Amino acid sequence: MGHSTGGQAGHLEASLWGRQAAEWWKLVAKVICRQRAKAFRSRFCGSPGDGSQGPRAAQVGVAVKGGADLGVHVVQAALDQHPEWVCVKADAKNAFNAVHREAVFEAIERDFPELWAWTDLWYGVEANLGFRLGNADGSVMRFIKLRENAQQGDPLGPPYLAAPLQAVLERVQERHLAVVVMAYLDDVHLIGPPVLAAAAYDTYLEEADLVPGGVLASHSLEFATLPHGMGLTKATR
């Protein structure tokens, strides 16, 4: 009996320590997000780093206040100004939970080396995802090992997803200068003349397949917004 009680106390102590560590981790990650907000904006939607004057693929889902609304307005303004254009939308399937950590590490090393040590601390080893089985009276905790995705509740989850995706968007933009390339996190919008937007979409799939794990190319829905309120076409990949 005493042995059982001691074991329960040990589990409780470990659980409390884990909870405190998680709260500390999230707090520090939030501070990092605030401190690096300018760097995030510069990387994801600033001027091209090579000084070129061409169009720049923009990610408005990281460190951009009202980014979702901004994305909607950009799409609407482009279609209002060019009624003959279309907007092709690529929505990655479960991207936050599927992005491969190898892709995240490559992007962090390239774009945000100052975050490497922190990222390696939390993502350099397998994480445990906990869940309960059973009802409230007889539930038990089970854990599975995670080798992909951002950890649950990580405030740096959006940058970790956007960093590998941004390189893909920029390669698409380089090959399709007449197309507006914009994303809100994993929702990618390709806006331009129908033939050119469709070609940009094909390029996006090709480039996304090259990302470690290939998860960015796994899409559940693709939309083509037609001019003059003609509605949407839908397909699955």
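We count residues from 1, following the sequence as given. Source: prediction; values computed, not measured.
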Self-check item: Closest approach of Tyr201 to Ala90 (non-hydrogen atoms, all atoms of both residues)
Solution: CE1-CB, 3.8 Å
Quiz item: Linking I/L/V/M/F/W/Y whenever any side-chain heavy atoms sit under 4.5 Å apart, do Trp24 and Ile32 land together?
Solution: yes
Exercise. In sequence, state the C-alpha distance, the side-chain angles, and the governing distance for Leu156 and Trp118, and then conclude on side-chain contact (heavy atoms from CB on, under 4.5 Å).
Key: CA-CA 11 Å; Leu156 284 166; Trp118 175 261; 3.6 Å; yes
Exercise. Go through the steps for Tyr184 and Val64 under the test side-chain contact (heavy atoms from CB on, under 4.5 Å), then give the verdict.
Key: CA-CA 10 Å; Tyr184 179 79; Val64 177; over 6 Å; no
Quiz item: Considering all heavy atoms of both residues, which atom of Val168 and which atom of Glu207 are nearest to each other, and what is their separation?
Solution: CG1-CB, 3.8 Å
Practice problem: Spell out, yes or no, whether Val179 and Leu177 are grouped together once hydrophobic residues are joined by side-chain heavy atoms under 4.5 Å, including indirect joins. | Solution: no
Quiz item: Got a salt bridge between Glu170 and Arg175, using NZ or NE/NH1/NH2 to carboxylate O under 4.0 Å?
Solution: no
Practice problem: Taking the side chain as every heavy atom from C-beta outward, state whether Pro55 and Val180 have any pair of such atoms under 4.5 Å apart. | Solution: no
Practice problem: Quick one: pull up CD in Gln59 and SG in Cys45 and give me the separation to the nearest 0.5 Å. | Solution: 8.0 Å
Practice problem: For His176 and Leu196, work out which heavy atoms get closest and say how close. | Solution: ND1-O, 4.3 Å
Quiz item: For Cys33 and Pro155, which heavy atoms make the closest approach, and how far apart are they?
Solution: SG-O, 3.4 Å
Quiz item: Under 4.5 Å between side-chain heavy atoms, hopping through other hydrophobics if needed: is there a path connecting Leu121 to Val104?
Solution: yes
Exercise. Rounded to the nearest 0.5 Å, what's the gap from CH2 on Trp116 to CD on Glu114? Could you check?
Key: 13.0 Å
Self-check item: Separation between CZ of Arg56 and CE of Met182, rounded to the nearest 0.5 Å
Solution: 14.5 Å
Practice problem: Check whether Tyr123 and Val31 end up in the same hydrophobic cluster, where Ile, Leu, Val, Met, Phe, Trp and Tyr are linked by side-chain heavy atoms less than 4.5 Å apart. | Solution: no
Exercise. Would you give the length of the straight line joining atom OH of Tyr160 to atom CZ of Arg101, rounded to the nearest 0.5 angstrom?
Key: 10.0 Å
Quiz prompt | Cluster check Val72, Val86: I/L/V/M/F/W/Y, side chain < 4.5 angstrom | solution = no
Exercise. Measure across Leu190 and Val172 and return the closest heavy-atom pair with its distance rounded to 0.1 Å.
Key: CD2-CG1, 4.3 Å
Exercise. State, to 0.1 Å, how close Ala37 and Ala63 come at their nearest heavy-atom pair, and which atoms those are.
Key: O-CB, 3.6 Å
Quiz item: To the nearest 0.5 Å, how far apart are CD in Glu109 and CG in Leu115?
Solution: 12.5 Å
Exercise. Measure from the side-chain N and O atoms of His100 to the backbone N and O of Glu102, and report whether any donor-acceptor pair falls under 3.5 Å.
Key: yes
Exercise. With side-chain contact (heavy atoms from CB on, under 4.5 Å) as the test, would you mind laying out the steps for Asp154 and Trp25 before giving the verdict?
Key: CA-CA 8 Å; Asp154 187 356; Trp25 156 60; 3.5 Å; yes
Self-check item: Spatial distance of atom CD (Gln76) from atom CD (Gln81) [nearest 0.5 Å]
Solution: 12.0 Å
Quiz item: Do Val88 and His189 pass the side-chain contact (heavy atoms from CB on, under 4.5 Å) test, and can you show the C-alpha distance, the side-chain angles, and the key distance before you say yes or no?
Solution: CA-CA 6 Å; Val88 178; His189 297 81; over 6 Å; no
